[in-house]
There are 2 protein chains.
Amino acid sequence: MKKRRALETNLAEFYHTCKKNNLKLTPQRVQIFKELIESNEHPTANKIYRRVKKKIPNVSFDTVNRTLLKFVEIGLAKIVEGKEDFRRYDGVVARHHHFYCIKCHRIIDIYDQRLDDINIPKVLDERLVVIDSKIIFDGICDKCKKNSF
Amino acid sequence: MKKRRALETNLAEFYHTCKKNNLKLTPQRVQIFKELIESNEHPTANKIYRRVKKKIPNVSFDTVNRTLLKFVEIGLAKIVEGKEDFRRYDGVVARHHHFYCIKCHRIIDIYDQRLDDINIPKVLDERLVVIDSKIIFDGICDKCKKNSF
DNA sequence: ATGTTTGCAAATAGTTTGCATCCAG
DNA sequence: CTGGATGCAAACTATTTGCAAACAT
């Protein structure tokens, strides 16, 4: 069930991926990456910004925003597909699925081998090149379920 | 495979749903609804606006936008989950899945009974109330595949 | 040294709001 | 008639861009 790897492993990969893509290891980048992978709430750029600011007070929102986009570009993060009008990021690039609470907009990660084995329809497989697939559940989370009584 | 129903059927339902929700049948609303269900490209509010404008030249973007949101509210449309920074709407509320082209951002509807039978993990089913689920495929569509040669 | 990265500030784009007028029921 | 709907314009929010100064390598 646990897919989140140790921080050190992630950092080692991070350094390597940056080097491979000619990205310099600035303190901002390192801190942004740490905040991203330590969060499991699929944060917005602004949320990451406010957290990084605690460690690096003069960081700009702009840097955080561009860095996150860069991370997506080189495969260190993913943009979460959603219906809201702001972007959310996911530091977990390993295969998993999402549950969306329609009340509090929380996104819960779902790891399940059986869900990974999605049968790609034959028609699709011939016409289209499928690179990735994920299941999205909509519903009401445990916290909101409790609060509605 | 064909899930799009006849316009008349949809319109009858539309009138009924509007009445049920105390929405008046204005020419704008009717036209916005028609454009929505006649499009299979998951349009933005702006795209719908430009099409409605051809029939009702003095319609405002604002009306289109608010009307689409209202449609979502009463279940006549859905907001498409995506990674782009603008909203896209879906006039097909029946169960289906989506294929996203990562190159041209086209969204292709997928109707497949076998995909509908997603097994909700037991852990989830106990903690969370699942209302809906859909599969999202990412990849390269037939048109873009052709063009890349 | 030098090419990348950063912080700032201004621009952009999509969306939302307030309000007076208009119109469907 | 009358409350809901519309069109307009301004406000708001998230995001993006240009550029000079600062920094990693």
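All chains are named by letter (A, B, ...) in the order of the sequence lines, taking the proteins before the strands, and each is independently numbered beginning at 1. Note that these values count all heavy atoms, side chains included, but never hydrogens, waters or copies made by symmetry.
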Query raised in the report: When all nucleic acid strands are considered with a 4.0 Å heavy-atom cut-off, which category describes B/Leu68: base, sugar-phosphate, or nothing?
Result: nothing

Query raised in the report: Can you tell me if the side-chain N/O atoms of A/Arg87 get under 4.0 Å from OP1 or OP2 in D/dT16?
Result: yes

Query - Nucleotide nearest A/Thr63 (side chain, heavy atoms from C-beta), chosen from D/dA5, C/dT15, C/dT6 - result: C/dT6

Query - Selection from D/dT16, D/dG7, C/dA24 that lies nearest to any side-chain heavy atom of B/Gln28 - result: D/dG7

Query raised in the report: Taking C-beta and beyond as the side chain, do A/Val80 and B/Lys83 meet within less than 4.5 Å on heavy atoms?
Result: no

Requested in this report: Give a yes or no on whether a salt bridge exists between A/Arg88 and A/Glu84, defined as a side-chain N under 4.0 angstrom from a carboxylate O.
Outcome: yes

Report task. Select one nucleotide: of D/dT25, C/dG7, C/dT15, the one nearest the side-chain heavy atoms of A/Asn58. Result -> C/dG7

Query - Candidate nucleotides C/dT4, D/dT15, D/dG7, ranked by approach to the side chain of B/Ser60 - the nearest - result: D/dG7

Query raised in the report: A/Lys24 side chain: which of C/dG3, D/dA5, D/dT15 is closest?
Result: C/dG3

**Report entry** Most 5' of A/Pro27 and A/Asn46 on DNA chain D, judged by nearest nucleotide
**Finding:** A/Asn46

Requested in this report: For A/Asn22, report the nucleic acid contact type (base, sugar-phosphate, nothing); a contact means any heavy atom under 4.0 Å.
Outcome: sugar-phosphate

Query raised in the report: What is the distance from CZ of A/Phe86 to P of C/dT16, rounded to the nearest Å?
Result: 11 Å

Query raised in the report: Taking C-beta and beyond as the side chain, do B/Arg106 and B/Asp142 meet within less than 4.5 Å on heavy atoms?
Result: yes

Query raised in the report: Counting side-chain heavy atoms from CB outward, which of D/dT17, C/dG3, C/dT15 is closest to A/Asp62?
Result: D/dT17

Query raised in the report: To the side chain of B/Ala45, which of D/dG3, C/dT15, D/dT15 is closest?
Result: C/dT15

Query raised in the report: Just how far, in rounded Å, is C1' of D/dG3 from CG of B/Asn21?
Result: 16 Å

Requested in this report: In whole angstrom, give the distance that lies between atom CZ of B/Phe61 and atom C1' of D/dC8.
Outcome: 14 Å

Query raised in the report: Do B/Glu35 and B/Lys55 have side chains that get closer than 4.5 Å, going by heavy atoms?
Result: yes

Query raised in the report: Does the ring centre of B/Phe33 sit less than 6.0 Å away from the ring centre of B/Tyr15?
Result: no

**Report entry** Cluster check B/Phe86, B/Val52: I/L/V/M/F/W/Y, side chain < 4.5 angstrom
**Finding:** no

Query raised in the report: Between B/Leu23 and B/Asp85, which is nearer to the 5' end of DNA chain C once each is assigned its nearest nucleotide?
Result: B/Asp85

Requested in this report: Please report, rounded to the nearest Å, how far the P atom of D/dT25 is from the CG atom of A/Leu25.
Outcome: 5 Å

Report summary line: Against the side chain of A/Thr26, the closest entry in D/dA14, D/dA24, D/dG7 is D/dA24

Query raised in the report: NA contact type, B/Arg66, heavy-atom cut-off 4.0 Å: base, sugar-phosphate, or nothing?
Result: base

Query raised in the report: Can a donor-acceptor pair under 3.5 Å be found between the side-chain atoms of B/Arg29 and the base atoms of D/dG4?
Result: no

Query raised in the report: Atom CG of A/Asn65 to atom P of C/dT6: distance rounded to whole Å?
Result: 12 Å

Query raised in the report: Atom CD of B/Glu84 to atom C1' of C/dA13: distance rounded to whole Å?
Result: 14 Å

Query raised in the report: In whole angstrom, what separates B/Gln31's CD from D/dT6's C1'?
Result: 16 Å

**Report entry** Atom-pair distance (CG on B/Leu69; C1' on C/dT17), nearest Å
**Finding:** 13 Å

